[in-house]
Amino acid sequence: MTWGKFILGILIAFAGFLLVWKSEWIMTNFGRIPWAEEHLGTEGGSRIFIKILGIIIIILGFGIMFDLWQPVMQAVFSPFFRGLAE
């Protein structure tokens, strides 16, 4: 683990935290997301989308912070590319 990755992970996780915490402010200032409103609920689909995006960014930040991102990505995406190596 290097200090640069650790600090970058903290900054990314903090950005995700801000998305979750200030989702109402983001939606008010940037508008609703039509796809999210249609598929994630009638009222508040945009808020849910922003919060889910924030949680994903927090997980990404912690993965970078603790050098776990590469093993996680390999575990998630290896089934899709298993036949290409042969």
Side-chain angles (χ1 to χ4, degrees):
M1 173 179 69
T2 63
W3 285 105
K5 283 185 179 180
F6 190 79
I7 292 170
L8 178 65
I10 288 173
L11 292 174
I12 291 172
F14 184 71
F17 168 73
L18 287 177
L19 280 175
V20 173
W21 184 33
K22 295 294 184 178
S23 61
E24 180 67 32
W25 182 87
I26 292 168
M27 194 192 72
T28 301
N29 288 304
F30 294 104
R32 296 184 184 274
I33 303 167
W35 180 89
E37 291 294 327
E38 181 181 337
H39 292 94
L40 297 177
T42 56
E43 264 315 295
S46 297
R47 286 181 199 85
I48 293 171
F49 179 77
I50 293 169
K51 287 179 189 270
I52 290 172
L53 182 64
I55 291 169
I56 290 170
I57 291 173
I58 291 170
I59 292 169
L60 171 69
F62 279 111
I64 291 171
M65 193 184 320
F66 296 114
D67 266 344
L68 296 174
W69 190 244
Q70 186 177 1
V72 169
M73 292 299 286
Q74 188 174 7
V76 169
F77 290 112
S78 64
F80 298 113
F81 299 110
R82 193 164 287 157
L84 296 177
E86 297 171 357

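In this chain, numbering begins with 1 at the start of the sequence shown. Just so you know, these numbers use all the heavy atoms, side chains as well, and skip hydrogens, waters and symmetry mates.
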*Does Leu11 share a hydrophobic cluster with Phe66, counting links as ILVMFWY side-chain heavy atoms below 4.5 Å and allowing steps through other members?*
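They do not share one cluster, since no chain of ILVMFWY contacts under 4.5 Å joins Leu11 to Phe66.
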
*When clusters are formed by joining ILVMFWY residues with side-chain heavy atoms under 4.5 Å apart, either directly or through shared neighbours, do Ile58 and Leu68 land in the same one?*
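Result: yes, single cluster for both.
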
*Lys5 side chain to Ile64 main-chain N or O, any donor-acceptor pair under 3.5 Å?*
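No, because the side chain of Lys5 does not come within donor-acceptor range (under 3.5 Å) of the backbone of Ile64.
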
Euclidean distance, [Y] [atom2] relative to [X] [atom1], rounded to 0.5 Å:
X: Leu60; Y: Ile56; atom1: CG; atom2: CD1; answer: 9.5 Å
X: Ile50; Y: Ile55; atom1: CD1; atom2: CD1; answer: 12.5 Å
X: Leu40; Y: Ile33; atom1: CG; atom2: CD1; answer: 9.0 Å
X: Leu19; Y: Leu53; atom1: CG; atom2: CG; answer: 5.5 Å
X: Leu18; Y: Trp25; atom1: CG; atom2: CH2; answer: 10.0 Å
X: Arg47; Y: Thr28; atom1: CZ; atom2: OG1; answer: 7.0 Å

Which pair of non-hydrogen atoms, one from [X] and one from [Y], has the smallest distance, and what is that distance?
X: Lys51; Y: Ser23; value: CE-OG, 3.2 Å
X: Glu37; Y: Ser46; value: OE2-OG, 2.8 Å
X: Ala75; Y: Pro79; value: O-CD, 3.7 Å

_Around atom CZ of Phe62, are there more than 12 heavy atoms from other residues, nucleotides or ligands closer than 6.0 Å?_
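No, because the 6.0 Å sphere around CZ of Phe62 holds 12 heavy atoms or fewer from other groups.
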
*When the ring planes of Phe6 and Trp3 are compared, do they come out parallel, tilted or perpendicular, using 30° and 60° as the limits?*
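Judged by the thresholds at 30° and 60°, the geometry between Phe6 and Trp3 is perpendicular.
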
